[in-house]
Protein chains: 2
Amino acid sequence: MASPRRAAPVPRVRLNRERVIAAAIVIADAGGLEALTMRRLGDDLNVEAMSIYNHVANKDDLINGMADAIFGEIELPSHSDDWKSAIRKRSISFREVLARHPWATTVRDSGTNPGPATLRHHDRVIGTFRNGGFSVEKTAHAFSAVDSYIYGFAMQEKSLPFTTPEETAAMAAIMLAQLPRGEYPYLAELTADHVLTPGYFYGDEFLVGLDLVLDGLETMLETDQRRGSQPPHSRAATRPSAHAVTLNRRVSPDETVHS
Amino acid sequence: MASPRRAAPVPRVRLNRERVIAAAIVIADAGGLEALTMRRLGDDLNVEAMSIYNHVANKDDLINGMADAIFGEIELPSHSDDWKSAIRKRSISFREVLARHPWATTVRDSGTNPGPATLRHHDRVIGTFRNGGFSVEKTAHAFSAVDSYIYGFAMQEKSLPFTTPEETAAMAAIMLAQLPRGEYPYLAELTADHVLTPGYFYGDEFLVGLDLVLDGLETMLETDQRRGSQPPHSRAATRPSAHAVTLNRRVSPDETVHS
DNA sequence: AACCAAAAACTTACGGTGTATGTTTATCTT
DNA sequence: AAGATAAACATACACCGTAAGTTTTTGGTT
């Protein structure tokens, strides 16, 4: 268009890792990880499949990048809140993110080589517990308990064959009708008297279980503070203020509090 | 061999659904679901890949069958225990089963069309809560909280790049060394002062979180029994003894207690 | 403005996947 | 012993990730 002597320049829109990952997430959100193929991704980016490999080492690397991008979407625990409400907010955000990207629950590799967003997120969560008065060991307990619950809930929510309350009622009615008569009475009761109740929505369970866990952690913390009953091999200080990491060089935990 | 006039009879060992599913589980246990291909499964069964389709509708059906077989391995909650120890035992068993078959955590379809072992298991768990004094609604809370935790824990455990304490220490040391210096101080602290502690084993976290959830449920139950503060849309009786399911025909929950 | 290396696109090709379809063989009933 | 049925085998297809080779575009230097 601009140059009349040559054929149309056809301004090829250039690819980069971010655009690739973003497009891949759109595909996976819509059709799950199994819908994400390099050829399909190439189509969406107006590019041949192989061109993607200029920006991504392989499909695993791509999925890893997607997982890290997802972690970047989670609201970090706020420094101005107490540990409980900070963790509560980020947990709610975490669950929303996992509900938005259901495929993310099945990505295994986030533990093997986590990306920067993942590392930052974990560091902040751990820091929130430490600054809230948790010992290193109790921080590990808390971190494990909370995140196990969130991941598991997201997985269960994802595996349900319905989303909206209307779908739920319709699906539950069908499943109830298909249930062998009298063989699973408690399951039938729960379905009939709870799931089929107007306004039932499985997602509402999330906060119930989350608060169960958080209250339990609070109790654990208070017990710890009243009497200093630390298990034997915990060498860490309870308060992190002046604590130093046993690294090559000594590092104050507060060093990167302002990200 | 036996008949000299005809060629060797070659007694083809016949296939059936159980043998197919069992062999598939062996493959998936060893190499994950991605190692499970129809051709590989056929090899293991001394059969062509396509012959498997005489016993299984398609690969999804196969995986579904595998998942149901896994549920059959979980120890059912005992009727002779109180709800808390019954659920505790079956939860520990559940986790062991998921650790033995890590691929099972990612099987989505178990919610969509559950097999008989899955249904029986769920019915028993729900029944245990109901007989323990949980209302229908609180049973839903308890079921969701406990299983979310178990699933999530199994997923986290699976995604760790190490299994044994030795592997853990070695891996943690490497990851710690690779961590950008000072950028993730809390993560580094947790790794150095907890994960690298002799005898650390992530699996030990399971009971901590499980008891946190179970204690929380007990508190929830006691609160409920002291004052009858039921949320508005719960129509179920708190005690299930003489309760009947709102089905076409009335069914006593005790009807199938002896499986 | 002309050149040229480097980056990023495209093209082709290969082995592996699930499974539709058609054929052959084994087994069961009579 | 024979015919029917079930379950095996064989072939083929479309799609997958990606290795290897080729062409085009881009950006920096003259």
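Excluded from the calculations below are hydrogen atoms, water molecules and symmetry mates; all remaining heavy atoms, backbone and side chain alike, are included. Labels below follow one simple rule: chain letters A, B, ... track the order of the sequence lines, proteins then strands, and each chain is numbered from 1. Just so it is clear, the structure is predicted and the values come from calculations on it, not from any experiment.
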Item to complete: Report the residues that fulfil side chain to side chain contact (heavy atoms under 4.5 Å, CB included) with B:N16, sequence neighbours left out, ordered by chain and then residue number.
Response: B:E18, B:R19

Worksheet item: Which whole-number value in Å describes the distance from A:K59 NZ to C:dT17 P?
Response: 15 Å

Discussion item. Using the rule ring-ring contact (aromatic ring centres under 6.0 Å, His included), only one of A:F94, A:F201, A:F153 pairs with A:F206; which is it?
Written reply: A:F153

Worksheet entry | Within residues 45-55 of chain A: residues closer than 4.0 Å to DNA chain D (heavy atoms) | A:M50, A:Y53

With a 3.5 Å cut-off and sequence neighbours excluded, list the donor-acceptor pairs that the side chains of residues 26-44 of chain B form with protein atoms.
| from | atom 1 | to | atom 2 | distance (Å) |
| --- | --- | --- | --- | --- |
| B:D29 | OD1 | B:H101 | ND1 | 2.7 |
| B:D29 | OD1 | B:W103 | NE1 | 2.6 |
| B:D29 | OD2 | B:H101 | ND1 | 2.9 |
| B:T37 | OG1 | B:R40 | N | 3.1 |
| B:R40 | NE | B:D44 | OD1 | 3.3 |
| B:R40 | NH2 | B:D44 | OD2 | 3.4 |

Practice prompt. Kindly compute the distance separating OH (A:Y184) from CG (B:D123), expressed to the nearest 0.5 Å.
Written response: 8.0 Å

Worksheet, complete the sentence: Expected list for residues 18-38 of chain A near DNA chain D, using heavy atoms below 4.0 Å, is A:L36, A:T37, A:M38

Response to the item:
CG of A:N64 to CD1 of A:I21, rounded to nearest 0.5 Å, is 9.0 Å

Item to complete: Only counting residues at least two apart or in another chain, list the ones meeting side chain to side chain contact (heavy atoms under 4.5 Å, CB included) with A:T168.
Response: A:F162, A:V195, A:Y200

Worksheet, complete the sentence: side chain to side chain contact (heavy atoms under 4.5 Å, CB included) filter on B:E48, not counting sequence neighbours, yields B:S51

Worksheet item: To the nearest Å, how far apart are A:R14 CZ and C:dC10 P?
Response: 12 Å

Fill in: Between C1' of C:dA7 and CZ of A:R17, the distance in whole Å
17 Å

Worksheet entry | Nearest-angstrom distance from the residue atom CG of A:L15 to P of D:dT24 | 19 Å

Practice prompt. State whether the distance check finds a donor on one side and an acceptor on the other, under 3.5 Å, for side chain B:R39 versus base C:dG16.
Written response: no

Discussion item. Between B:S144 and A:Y202, is there a side-chain donor-acceptor contact under 3.5 Å, judged purely by atom types and distance?
Written reply: yes

